[in-house]
Amino acid sequence: MKTLKKALPVAAALVWALLLLPFFLGAEAAHPATDDFTFAVYTHPTWVQTGSILHVLKDALSYTLRTWRDCQGTVTGVLIMTLNPAVFSLEHYGAHAVALLGLILLGTGVFLRHFLQKRLNLPWRAAFAALSAAQLLFLPDIVEGVYWFNGAWFYMGAQAVALMTLALGDSLSERPVRGAGTILAFALCWALLFVLGMDNYITAMMTAAALLMLALWRAAAHEHAAAVRTALMLLPIGVGLLISVIAPGNSVRMAADGAHESGLGYLLASIGWTLRDAMKYILRFMLKTPLLALLLLALPVASRRLNERGETGKGLPRIGFTLLGGYLMLCAMIIPHMYSSGYAGSGRVINMYHSYVLLFAPVVCMMALARVRPEKRAALAAGRGKIACFALAAAALAVCLCGGQLRNYEKLVSDQLDGTQDAYIAQFQREYALCEAAGAADDVVLPAWTVQTVTGKPTAYEDAAFWTNEAMAQYFGVKSVRVE
């Protein structure tokens, strides 16, 4: 029995690693497309001519400030985009996906370890393994969540940093601001919050809403000094967000897009649509991922652990407030995109709602469970309650597997096994070879793609005047690029 107990965690870790391995193997099939070329044309020539990181960074900052004035206010995001891997090397572009996967796993682990183990005194390793696997395997849009740099780092990368920053900020809120080490940690936290405020609005709103909820959590526990320190962290992210919102380029872009409407009526409609869609996404990611099944499986174990500690929920917000807070945080993420464009967002944005629900819902659920009466938790931990949880978990898992959200992962794996991924790599490498062999006065005609995977998106289209084609032509220094 002892041997079995020791072997189970090792076997579970191996299964977890094998499930995630295809994501890392897919990195070699990642390649630049659309905005990667658009932003790289401002910094790639500098790198080719000088080989100097400082010169590239100077041009990136210059372009970022110009974009703030003429196009969009997300300063941090634009700066990162102008430093995408295509600026430095096409050959090693896919390395960013490996780094991003590591960052996502690190952010998930730090977040769950802090809020499950430190704040609620519950096991976190099994939760990390299950939730991190579900987060990636059931990702709605794999190419925009992992492999396409501009979409992945602008959203998923920022969200991973935000999760770690929230854990850092919540930990620091317990400490008086004394000592060089603590002051430096506070400075780092405030700097990260300021930078996140100037990244995409969805991450900024999620982080700000989470800080507000954490401050209220501290206040409910009568930890007034910690509540004040947490509330003060809203200042740097608020300033960063304000800088993004007041950018003159925002009005220019929204006028060009033609999707945004102004007026009180449209604002109220946007809020209504947001409240509706937030509920839809919670239900979607509860049922189309293993989340509901995992929560039901965790209830007996967590209930027993809380009862062993004699947990009464003292210092935690009431169940209704906790659930409402989790829901409103998702609403805060949705409203920026809903108000600016009239819909909840593309695949790269939906990825963030997916990750939010999978990571925050367990914390919210455990906070609510801690407020449940001990006798009711005891009923969940044994007998019919335990059997009911397991039976409902099996039903929820069956619904999840029939939901179709695993198809992207299935294609990722099958493409690697049947040679489709290798054919896809050869396809875009041939494009690069044709462009690199052409001269400045040449019109490059690319063969039409016959293979598609979940690791990339088309680089060019039939119309040479299309903006993605023009950016690709500028990047390679040719007159024009089009698909035959």
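Counting heavy-atom neighbours within 6.0 Å of Lys411 NZ, excluding the residue itself, gives a total above 12. Around NZ of Lys376, the count of heavy atoms belonging to other residues, nucleotides or ligands within 6.0 Å does not exceed 12. Within 6.0 Å of the CZ atom in Arg119, the count of heavy atoms belonging to other residues, nucleotides or ligands exceeds 12. Heavy-atom neighbours of Glu91 CD from other residues, nucleotides or ligands within 6.0 Å: at or below the threshold of 12. The 12-atom threshold is not exceeded at CZ of Arg318, counting heavy atoms of other residues, nucleotides or ligands nearer than 6.0 Å.
The main-chain N or O of Asn200 is never found under 3.5 Å from a side-chain atom of Thr74 such that the two would form a donor-acceptor pair. Under the 3.5 Å distance criterion, the side-chain polar atoms of Gln421 are left unmatched by any main-chain donor or acceptor of Thr453. Glu28 places no side-chain N or O within donor-acceptor distance of the main-chain N or O of Gly94, the cut-off being under 3.5 Å. The closest donor-acceptor contact from the side chain of Arg377 to the backbone of Val372 lies under 3.5 Å. Listed for the Thr76 side chain is a donor-acceptor partner under 3.5 Å among the backbone atoms of Val195. Looking at Asn307, its side chain does come within 3.5 Å of a backbone N or O of Pro374 through a donor-acceptor pair. The closest donor-acceptor contact from the side chain of Gln452 to the backbone of Gly456 lies under 3.5 Å. At distances below 3.5 Å, at least one donor-acceptor pair connects side-chain atoms of Arg371 with backbone N or O atoms of Leu316. Remark: the backbone N or O of Met352 is paired with a side-chain donor or acceptor of Gln159 at under 3.5 angstrom.
Contact annotation: the side chain of Arg284 approaches that of Ile350 to within less than 4.5 Å [non-hydrogen atoms, C-beta and beyond]. A heavy-atom distance below 4.5 Å is not found between the side chains of Val454 and Val146. By the 4.5 Å heavy-atom criterion applied to side chains, Phe285 and Leu291 are not counted as neighbours. Side-chain contact between Asp170 and Phe115 is present, with heavy atoms from C-beta onward closer than 4.5 Å. Two residues are said to be in side-chain contact when any heavy atoms from C-beta on lie closer than 4.5 Å; Met213 and Trp217 fail this criterion. Within the 4.5 Å cutoff, the side chain of Ile80 has no heavy atoms near those of the Asn84 side chain. In this structure the side chain of Phe154 reaches within 4.5 angstrom of the side chain of Asp199, judged on heavy atoms. Between Phe360 and Met206, some side-chain heavy-atom pair lies under the 4.5 Å cut-off.
A pairwise comparison of heavy atoms in Ala204 and Leu241 identifies CB-CD1, 3.9 Å as the closest pair. Residues Val363 and Leu120 approach most closely at O-CD1, 4.1 Å, considering heavy atoms. Among all heavy-atom pairs drawn from Asp36 and Pro32, the shortest one is OD2-CA, 3.3 Å.
Atom OG1 of residue Thr203 and atom OH of residue Tyr155 lie 8.5 Å apart, to the nearest 0.5 angstrom. Distance check: Leu172 CG to Cys189 SG gives 5.5 Å after rounding to the nearest 0.5 Å. Rounded to the nearest 0.5 Å, atoms OG1 (Thr108) and CG (Leu359) are 5.0 Å apart.
Separation of the Tyr343 and His337 ring centroids falls under the 6.0 Å cut-off. A distance of 6.0 Å or more separates the ring centres of Trp124 and Phe111.
For Phe428, the ring pair (Phe, Tyr, Trp, His ring centres under 6.0 Å) criterion is met by His31, Tyr424, Tyr432, not counting sequence neighbours.
Here Glu144 pairs with Lys457 in a salt bridge; the nearest charged N to carboxylate O distance falls below 4.0 Å. Look at Glu174 and Arg218 and you find a salt bridge, because one of the NZ, NE, NH1 or NH2 atoms lies within 4.0 Å of a carboxylate O, short of that distance. Under 4.0 Å is where a charged nitrogen must lie from a carboxylate oxygen, and between Asp141 and Arg348 no such pair does.
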Evaluation steps, side chain to side chain contact (heavy atoms under 4.5 Å, CB included), between Asp277 and Tyr353: CA-CA 11 Å; Asp277 281 11; Tyr353 306 153; over 6 Å; no
Derivation and outcome, ring-ring contact (aromatic ring centres under 6.0 Å, His included), residues Tyr409 and Phe23: CA-CA 9 Å; Tyr409 176 74; Phe23 287 97; 5.6 Å; yes
Stepwise ring-ring contact (aromatic ring centres under 6.0 Å, His included) check, His354 with Phe138: CA-CA 9 Å; His354 160 87; Phe138 290 84; 7.7 Å; no
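Ring geometry for Tyr93 against His96 counts as perpendicular: the plane angle is over 60°, on a 0 to 90° scale with 30° as the lower cut. Taking the six-membered ring where tryptophan is involved, the planes of Trp273 and Tyr266 are perpendicular, since the angle between them exceeds 60° and thus also 30°.
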